[in-house]
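Just below is one structure, and these are the notes that go with it.
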2 protein chains.
Amino acid sequence: MIEIARGLIATNGLRSLKVRDVAEAADCSIGSVYNEFGDFDGLILTVNRETVRALTARLVAVPAEDPVRQLHGLAETYLAFAADHANLLRSLFEHRMEDDRPFPEDILLMVMQAFALMHEPMVRLLPDRNPEEVALLARMMFSAVHGIISLGLEERMVAVPPEKLRQQLAQFVDTHLVGLGISLDKARDGEV
Amino acid sequence: MIEIARGLIATNGLRSLKVRDVAEAADCSIGSVYNEFGDFDGLILTVNRETVRALTARLVAVPAEDPVRQLHGLAETYLAFAADHANLLRSLFEHRMEDDRPFPEDILLMVMQAFALMHEPMVRLLPDRNPEEVALLARMMFSAVHGIISLGLEERMVAVPPEKLRQQLAQFVDTHLVGLGISLDKARDGEV
DNA sequence: ATATATTTTGAACAATGTTCATTTTCAACC
DNA sequence: GGTTGAAAATGAACATTGTTCAAAATATAT
């Protein structure tokens, strides 16, 4: 059932997800969807939860030997996920809850965890800086990468081809690291 | 009537905009809204059009004497606009059209024009690089700024206070420019 | 003043999230 | 096997909301 909802979101976007379609595809009644997820938001959030879980799993799997390479890997992995599951990511970031119910804590935590994955390599690259400041830098870098990817893939706005985007992202990460005073060559070979 | 719709979006978000509310507030019938805008999307797009127009107007007004200062000004102006009109900007970037009707050409052009405002100062700062490459850099930088701001202001995700965000943005722009090999002090004083 | 065109209206319709009394299913017990 | 009571599934009915369109109201022309 979650599978079905995810498929519908992935192929046609969140807007085209209908309770009745899910129920019919799952060969059950409308009421059963409500018994399972409480309401429509509950269904969407369940899909979103799995989306961020899948994303985090991929990001965590990025090798961490070399911090610079890790940062590139995180950006590339994020891009690959976004390119493969554009609608699912949009559902995660753009869906507003009914009324103004609070965003579920656990999803928030997982997103934060994903954000924080850039923290460790950044600390390694900037051992002398205040860790709190580095945390902000990491979040900022993640946000920047997110922006580049999400706007870059936006079809409405003349999307950049993924391969082109991959190059741009790599360039962006390098540029930013250089700007932070990190020597790319050194980091890529030596230490650890 | 546009005014009313904008007010409703701005205060409660796009999701809470209802045709009936607009009609009632405008003291006219539901049908009149349709006569004026064709359909619901038409109304939203009209508001979005004015949003991007207002944003562009503010960005264009940023002084262009010094390219580095201009880039900072553009980022700060964008932040100020986003902080003041978070829901309107979200409506512009997140609204999906019914079915899959194409995104209106004129709005697309205006957004592109806004993107392109970073192009000129970047060309001035990187006179030796291929202008096409610089255009990509500019778009990338705009996307990064957009990402930092939109995620930064996202209340669901523990929003960064705007003042803090302002500092971070300035730092980001500086860092990126340094990474591109641009001397900030020189640029800030000399040449033109 | 009449006729024609234009605009406005809002009741009716369609799509869709939601509820809940009813039915069905299932498990436990005698 | 039959009885009983809890648990789960059902889908008709409802509420909200975008949309349509024949009719009414208004404006314009002659």
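Letters A, B, ... are given to chains in the order of the sequence lines, protein chains preceding strands, and every chain is numbered from 1.
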Out of B/Val19, B/Thr46, B/Val47, which residue meets the side chain to side chain contact (heavy atoms under 4.5 Å, CB included) rule with B/Phe37?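 Among B/Val19, B/Thr46, B/Val47, the one that satisfies the side chain to side chain contact (heavy atoms under 4.5 Å, CB included) with B/Phe37 is B/Thr46.
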With heavy atoms under 4.0 Å as the rule, sort A/Phe40 into base, sugar-phosphate or nothing.
->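 Sugar-phosphate: the residue A/Phe40, judged by heavy atoms under 4.0 Å, touches backbone atoms but no base.
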TODO: Would you indicate what B/Leu17 reaches in the nucleic acid, counting non-hydrogen atoms under 4.0 angstrom: base, sugar-phosphate, or nothing?
DONE: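 Sugar-phosphate contact only - B/Leu17 comes under 4.0 Å of backbone atoms but never of a base.
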For [X], I'd like to know if atom [atom1] has over 12 heavy atoms of other residues, nucleotides or ligands within 6.0 Å.
| X | atom1 | answer |
| --- | --- | --- |
| A/Glu163 | CD | yes |
| B/Glu133 | CD | yes |
| A/Asp27 | CG | no |

- Query: Only one of A/Phe93, A/Phe115, A/Phe172 clears ring-ring contact (aromatic ring centres under 6.0 Å, His included) with A/His146; which?
  - Reply: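 Filter result, single survivor: A/Phe93.
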Below 4.5 Å, heavy atoms only, C-beta onward: do A/Cys28 and A/Met1 meet side chain to side chain?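 Yes, side chains in contact.
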Query raised in the report: Nucleotide range of DNA chain D contacted by chain A, 5' to 3', under 4.0 Å to a heavy atom?
Result: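 So the outermost contacting nucleotides come out as D/dA9 to D/dA13.
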Tell me, which pairs form a salt bridge (charged side-chain N to carboxylate O under 4.0 Å, His left out) where one or both residues lie in residues 103-114 of chain A, sequence neighbours left out?
->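 Every salt bridge (charged side-chain N to carboxylate O under 4.0 Å, His left out) pair that includes a residue of residues 103-114 of chain A, provided the two are not neighbours, is A/Arg49-A/Asp106.
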Report the distance from atom [atom1] of [X] to atom [atom2] of [N], rounded to the nearest whole Å.
| X | N | atom1 | atom2 | answer |
| --- | --- | --- | --- | --- |
| A/Asn35 | C/dT19 | CG | C1' | 11 Å |
| B/Asp99 | C/dA15 | CG | C1' | 13 Å |
| B/Asp39 | C/dA14 | CG | P | 19 Å |
| A/Ile44 | C/dT16 | CD1 | C1' | 13 Å |
| A/Leu43 | C/dT16 | CG | P | 15 Å |
| B/Arg20 | C/dA12 | CZ | P | 13 Å |
| B/Glu24 | C/dT8 | CD | C1' | 17 Å |
| A/Tyr34 | C/dT16 | OH | P | 12 Å |

I want to confirm an ordering. Mapping A/Lys18 and A/Gly31 to their closest nucleotides on DNA chain C, which one lands closer to the 5' end?
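In this pair, the answer is A/Lys18.
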- Query: To the nearest 10 degrees, what angle separates the axes at the start and end of the helix from C/dA1-D/dT30 to C/dC30-D/dG1, five pairs each?
  - Reply: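 Taking the rotation axis at each end, their angle is 10°.
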Qualifying residue, where the test is salt bridge (charged side-chain N to carboxylate O under 4.0 Å, His left out) with B/Glu94 and the options are A/Arg96, A/Arg156, A/Arg90:
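Going through A/Arg96, A/Arg156, A/Arg90 one by one, the salt bridge (charged side-chain N to carboxylate O under 4.0 Å, His left out) with B/Glu94 is satisfied by A/Arg96 alone.
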| Could you state the interatomic distance from CG (A/Leu125) to CE (A/Met118), rounded to the nearest 0.5 Å? |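 These two atoms lie 11.5 Å from each other.
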